[in-house]
Amino acid sequence: MRPFSKDFYLQDTTSVARQLIGATLVRRTAKGVLSGTIVETEAYISRDPANHAFRGKTNRNRSMFGPPGRAYVYSIHRYHCLNLVTQPEGVAEAVLIRSVEPLEGISVMQRNRKTDQLRLLTVGPGRLCQAFAIDRTLDGANLADGDLVVLKGTPCTEIECTTRVGVTAGKELPLRFFARDCLFVSPPRSRK
DNA sequence: CTACCGATTGACT
DNA sequence: GTCAATCGGTAGA
């Protein structure tokens, strides 16, 4: 499998969010390689009050304004969340990775998360970052090579679309995508 | 400097 | 279903 091209991340952000279902997230750490299949994403677009960049550039969201195909990692409460930056430099849009299905390195993920329950390992944006040891040091990382990589997988054909989870603004926008009938998708598993 | 708050999670009724 | 722990980012004085 190969990483996505820069052009992939220049497509419409909702389209990128949809196409990322089925892709593979790979994290290389000192303890070994961790990987999983992306099964749930959310798009954050320009005219979107839930977007961290809605009110302009700050130190925290700067990588959203940078080139496409990089990571935007932010912290919330005591967790981190991983986004993939889309659109040309200067346009702040991104795709939040909400859940993956574990592939490699499950024992390391279990140690990182302090649980052996498979579903609690990587379901939810904060949990998956903890399992994959993703924090602000990976903010701005190039997703085509390095310690955090996104590879083309087998595109998923059974994709559902709903409103996003947890947002207080822009809650009516249908910008959440997930693999139908997948067990590794966070709670609001259906609805339109 | 202080005050407020969330793209979350885990514990609990 | 409800609720609060917890903390960096942000805005405002």
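Lettering of chains follows the sequences in order, A, B, ..., and the numbering in each one begins at 1.
- In this model, no donor atom of one side chain and acceptor atom of the other lie less than 3.5 Å apart for A:Ser63 and A:Arg70.
- Nearest nucleotide to the side chain of A:Ser75, out of B:dG10, B:dA7, C:dG8: C:dG8.
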- Message: One pair to check against side-chain contact (heavy atoms from CB on, under 4.5 Å): A:Leu82 and A:Leu96. What are the steps and the verdict?
- Response: CA-CA 6 Å; A:Leu82 169 67; A:Leu96 171 72; 5.9 Å; no
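- Looking at which nucleotide of DNA chain B each of A:Arg78 and A:Met64 is closest to, the 5′-most match is held by A:Met64.
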- Verify side-chain contact (heavy atoms from CB on, under 4.5 Å) between A:Tyr79 and A:Leu128, making sure each step is shown before the conclusion. CA-CA 10 Å; A:Tyr79 300 92; A:Leu128 92 82; over 6 Å; no
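- Between the NE2 atom of A:His77 and the C1' atom of B:dA7 there is a distance of 10 Å, given to the nearest Å.
- OP1 and OP2 of B:dA7 both lie 4.0 Å or more from every side-chain N or O belonging to A:Arg176.
- Between the CG atom of A:Asn59 and the C1' atom of C:dT10 there is a distance of 11 Å, given to the nearest Å.
- B:dC4 and C:dA4 are spaced 16 Å apart, taking the C1' atom of each and rounding to whole Å.
- Per the geometry, CG belonging to A:Asn61 stands 18 Å off P belonging to C:dG8, to the nearest Å.
- Closest approach to the A:Thr168 side chain among C:dT10, B:dG6, C:dG9 is made by B:dG6 (side chain taken as heavy atoms from C-beta onward).
- Atom P of nucleotide B:dT9 and atom CZ of A:Arg119 are separated by 12 Å, given to the nearest angstrom.
- A side-chain donor from one of A:Ser186 and A:Glu40 sits under 3.5 Å from a side-chain acceptor of the other.
- In this structure, OH of A:Tyr79 is placed 4 Å from P of B:dG10, rounded to the nearest angstrom.
- Put simply, CG on A:Asp135 is 15 Å from P on C:dC7, counting in whole angstrom units.
- A:Ser46 and A:Glu93 are linked by a side-chain donor-acceptor pair at a separation below 3.5 angstrom, with hydrogens and angles left out of the test.
- Pairing analysis of DNA chain B (Watson-Crick: purine N1 to pyrimidine N3 plus N6-O4 or O6-N4; G-U wobble: N1-O2 and O6-N3; both under 3.5 Å) yields stems of 3 or more pairs at B:1-6 with C:7-12, B:8-12 with C:1-5.
- Evaluation of A:Tyr74 against the base of B:dA7 yields no stacking contact (centre distance < 5.5 Å, interplanar angle < 30° required).
- The phosphate of B:dG10 (OP1 or OP2) has a side-chain N or O of A:Arg113 nearer than 4.0 angstrom.
- Rounded to whole angstrom, the span from the CZ atom of A:Arg164 across to the P atom of B:dG6 amounts to 15 Å.
- Taking atom CZ on A:Phe54 and atom P on B:dA7, their separation rounds to 13 Å, with Å as the unit.
- Here A:Arg55 lies out of heavy-atom contact (under 4.0 Å) with every strand.
- A cation-pi arrangement is absent between A:Arg60 and A:Tyr72 under the rule of less than 6.0 angstrom and at most 45 degrees off the ring axis.
- With respect to A:Asp12 and A:Arg18, no salt bridge is recorded, no charged nitrogen being found less than 4.0 Å from a carboxylate O.
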